[in-house]
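Note that these values count all heavy atoms, side chains included, but never hydrogens, waters or copies made by symmetry.
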Amino acid sequence: MQPQGTENLKSKALSGSIWSLIETFSTQIVQFIVGVILARILGPKDYGLIALTGIFTAVSMAITDAGFEKTLVQKKDLTSIQTTTIFYINILLGLFITLVFVLLAPFIATFFNEPKLTTVLQVVSTGILITAFGQTQQALLIKELQLKKISYSKIASSLVSAVVGLVLAYNGFGVWALVFSGLSYQVVNVLFFWIQATWYPQLKFSYASVKAMIPYGMNILASSIFFFLNQQFNNFIVGKYYTKEQLGLFNRGNKFPDLIVSVIQSVVLKMTLPLFAKLQDEPERLREAVKKTDKVIAFVSFPLLILLLVKAEDVTIFLFTEKWRGSIIFLQLFCVVKLFEPFITVQRELLLSQGKAKLLLKIFVVTSLAEMALIFAVIRFDIIYVVLASLISRAGQYLTYLILASKRLNANWLDEMKWLRPYIFITAVMSGVVLLADYALHLSGIHIPLFVKLAVELGLGVASYAFLAYKFKIDEVSLVNAAIEMVLKKFKK
């Protein structure tokens with residue numbers, strides 16, 4: 001019989017996962033539909049400009065957090081004065097960084113040879129300060145696995161953002177439709193965090209109360225900065241050496257695979273750090289939690305990313321029209337790159353839960369610098385080599401984190417890779433079925449609408465994958481069924 005604390009933990013984790021599932025699918029469906037419509041109205045250059053601003057805002061978000069979000073989640077004994085002090089530190093950092101970008105925007109625009117970037121970056125940078133007001137509240141909700149409240153915030157924010165973006169785009173505002181869509185999301189998200197919060201800051205500040213937390217937070221901060229630098233470095237280098245239209249195509253190719261991975265991370269990986277942290281002193285249970293997480297990720301991500309890779313051309317033309325044809329090759333390559341990312345995140349979160357932030361930083365610095373050096377070496381040849389360099393880097397990161405994390409679990413890293421073999425096999429068979437169907441339709445000479453062709457081929461792929469998963473008795477089939485039933489029950493309530 002399991003202890004009552006274990007049952008409560010399971011209940012909280014399961015409830016949190018269900019609400020993450022509801023939130024993620026609700027927001028991503030809205031964002032996906034709106035994204036398709038906006039991509040049909042706007043051009044690659046508009047998205048290229050937004051991608052350039054993302055280079056700086058993504059890194060800035062990590063700095064304003066100062067590594068405290070994960071510190072708040074990881075720390076068991078947290079006082080009110082510590083939480084309040086962290087809140088004010090986030091605000092001060094947010095204000096400082098916003099002012100820096102407002103002043104530096106003209107010089108950044110000159111560097112990228114894009115005058116319009118000045119005003120766009122200045123306006124977008126205000127979102128850094130806005131987000132800082134909600135970072136502490138979000139961290140506390142994650143710590144207590146109160147993901148239902150986060151779900152409400154994200155769903156409301158997505159709906160408002162969608163309306164703002166579509167109205168402005170249809171009225172000819174161009175890139176500003178994307179700018180104010182993003183800002184409206186941030187404003188509404190923070191407002192909902194404050195409305196639902198059970199904690200509010202006091203008029204107190206004590207650096208001494210958080211001084212002991214600084215080393216752990218700084219290691220996470222540095223790691224996060226390198227993570228976002230590494231993540232945005234591709235956009236930086238492509239934006240500098242190639243046209244904004246090419247950057248827009250490059251960025252569009254990354255969007256779809258990134259959407260799939262972000263859904264998986266929101267549903268599954270959002271739970272990993274608090275769950276791993278609570279199990280950090282129980283190696284056997286921790287190992288089982290990691291194994292189950294890896295298997296769920298493989299079961300969902302492998303078929304989605306590989307189906308997208310195989311049908312990249314048809315999906316792109318159908319959804320975004322011919323003007324985005326140049327993004328197809330990037331879409332296919334990014335599907336392979338993104339296969340590694342959820343597993344890398346699992347191993348990173350495992351090391352963080354063990355308090356190994358400093359080790360994590362060292363690993364990430366070395367791998368990030370290696371990837372940047374490789375990109376610098378190949379950028380002059382062709383834009384495609386940027387993605388190939390990222391693929392090599394992700395594979396290297398995965399193996400590095402896997403080997404180190406396995407030692408923490410007293411497990412063999414090769415055994416951990418064996419967990420994924422059934423999913424690789426049934427995904428390969430599924431892709432073969434889709435390719436054969438495509439070839440058969442081509443040989444038949446029958447002209448059918450692209451939508452029907454996609455529906456038939458993707459339907460065959462999903463059906464073959466489900467059949468093989470059932471025949472091979474993949475555990476995650478029953479888990480997905482249980483999750484669907486629980487979601488339906490939540491809605492009925």
Mind running side-chain contact (heavy atoms from CB on, under 4.5 Å) on Glu371 and Arg394 for me, showing each step along the way?
CA-CA 9 Å; Glu371 180 178 351; Arg394 294 301 184 278; 3.1 Å; yes

Is the closest side-chain heavy-atom distance between Leu333 and Ile329 below 4.5 Å?
yes

With side-chain contact (heavy atoms from CB on, under 4.5 Å) as the test, would you mind laying out the steps for Lys311 and Leu454 before giving the verdict?
CA-CA 8 Å; Lys311 300 306 302 173; Leu454 267 174; 4.1 Å; yes

Which atom of Ala177 lies closest to which atom of Ala169, heavy atoms considered:
CB-N, 3.5 Å

So is Arg252 actually on top of Phe320's ring, under 6.0 Å and inside 45° of the axis?
yes

Does the ring of Tyr241 carry Arg380 above it, NZ/CZ under 6.0 angstrom from centre and within 45° of its axis?
no

Would you say the side-chain atoms of Thr98 pair up with the backbone N or O of Ile128, donor to acceptor, closer than 3.5 Å?
no

Using a 4.5 Å cut-off on heavy atoms from C-beta on, say whether the side chain of Gln186 contacts that of Val190.
no

So does Ala389 get a backbone contact from the side chain of Ser393, meaning a donor-acceptor N/O pair under 3.5 Å?
no

Whether the side chain of Trp324 engages the backbone of Pro44 through a donor-acceptor N/O pair (distance < 3.5 Å, no angle test) should be reported.
no

Tell me if a side-chain donor or acceptor on Thr126 pairs with a main-chain N or O of Val123 at a distance below 3.5 Å.
yes

Can you check whether Phe96 and Phe101 have ring centres sitting under 6.0 Å from each other?
no

Any side-chain heavy-atom pair from Met430 and Leu468 closer than 4.5 angstrom?
no

How far does CE of Met372 sit from CG of Asn234, to the nearest 0.5 angstrom?
9.0 Å

Given 3.5 Å as the limit, does a donor-acceptor pair link the side chain of Gln246 with the main chain of Thr243, or not?
yes

To the nearest 0.5 Å, what is the distance between OG on Ser301 and CZ on Phe343?
4.5 Å

Keeping Thr110 on the side-chain end and Pro106 on the backbone end, is there a donor-acceptor pair under 3.5 Å?
yes

Please report the interatomic distance NZ(Lys453) to CG(Leu458), rounded to the nearest 0.5 Å.
9.5 Å

Do you know which two heavy atoms are closest between Gly461 and Val434, and how far apart they sit?
CA-CG2, 3.6 Å

Restricting to non-hydrogen atoms, name the atom on Pro257 and the atom on Leu331 that form the minimum distance, rounded to 0.1 Å.
CD-CD1, 3.4 Å

Aromatic ring proximity Phe330/Phe250, centre distance under 6.0 Å:
yes

From the list Val387, Ile306, Leu309, side-chain contact (heavy atoms from CB on, under 4.5 Å) with Val336 holds only for Leu309

Ser125 side chain vs Leu121 backbone, donor-acceptor pair below 3.5 Å
yes

Less than 4.5 Å apart, any side-chain heavy atom of Tyr439 and any of Leu435?
no

Are a donor atom and an acceptor atom from the side chains of Gln122 and Thr119 found within less than 3.5 Å of each other?
no

Would you confirm whether Lys323, through its side chain, and Ala39, through its main-chain N or O, come within 3.5 Å as a donor-acceptor pair?
yes

Nearest atoms (heavy-atom pairs only) where Gly48 meets Leu247
O-CD2, 3.3 Å

Would you say that Val175 contacts Ile50 through its side chain, given a criterion of any heavy-atom pair below 4.5 Å between the two side chains?
yes

Before giving the answer on side-chain contact (heavy atoms from CB on, under 4.5 Å), spell out for Phe302 and Ile424 the whole-Å C-alpha distance, their side-chain angles and the decisive distance to 0.1 Å.
CA-CA 7 Å; Phe302 285 3; Ile424 295 172; 3.6 Å; yes

Taken in chain and number order and not counting sequence neighbours, the residues that satisfy ring-ring contact (aromatic ring centres under 6.0 Å, His included) with Phe32 are Phe256

Can you confirm if the aromatic rings of Tyr465 and Phe299 lie within a centre distance of less than 6.0 Å?
yes

Would you say Tyr242 and Ile237 make side-chain contact, with heavy atoms under 4.5 Å?
no

Relative to Phe111, does Lys240 satisfy both conditions: NZ or CZ under 6.0 angstrom from the six-membered ring centre, and within 45 degrees of the ring's axis?
yes

Assess whether a salt bridge exists between Lys244 and Asp46, defined as any Lys/Arg side-chain N lying under 4.0 Å from an Asp/Glu carboxylate O.
no

Applying side-chain contact (heavy atoms from CB on, under 4.5 Å), run through Lys295 and Tyr423 and close with a yes or a no.
CA-CA 8 Å; Lys295 291 173 73 174; Tyr423 309 95; 3.1 Å; yes

Locate the shortest heavy-atom distance separating Pro303 from Ala298; write the atom from each residue and the value.
CD-O, 3.8 Å

Tyr398 atom OH, neighbour heavy-atom count above 12 within 6.0 Å
yes

Validation row: Val187, Val160 side chains within 4.5 angstrom (heavy atoms):
no

What residue among Leu38, Leu249, Leu52 forms side-chain contact (heavy atoms from CB on, under 4.5 Å) with Tyr47?
Leu38

Donor-acceptor pair, Thr316 side chain versus Glu313 backbone, under 3.5 Å?
no

CD1 (Ile195) and CD (Gln137) are apart, to the nearest 0.5 Å, by 11.5 Å

Are the side chains of Ile392 and Leu374 in touch, meaning some heavy atoms are under 4.5 Å apart?
yes

Without swapping roles, check the side chain of Asn171 against the backbone of Val167 for a donor-acceptor pair under 3.5 Å.
yes

Distance check, rounded to the nearest 0.5 Å: Phe467 atom CZ versus Leu460 atom CG?
13.5 Å

In this structure, CG of Leu49 is separated from NZ of Lys116 (nearest 0.5 Å) by 6.5 Å

Can you give me the closest heavy-atom contact between Gly165 and Ser181, atom names plus distance?
CA-CB, 3.8 Å

Tell me if the aromatic rings of Phe112 and Phe236 count as close, with their centers under 6.0 Å from one another.
yes

Under a 4.0 Å threshold between the charged nitrogen and the carboxylate oxygen, would Lys255 count as salt-bridged to Asp258?
no

Do you see a donor-acceptor pair shorter than 3.5 Å between the side chains of Thr345 and Glu341?
no

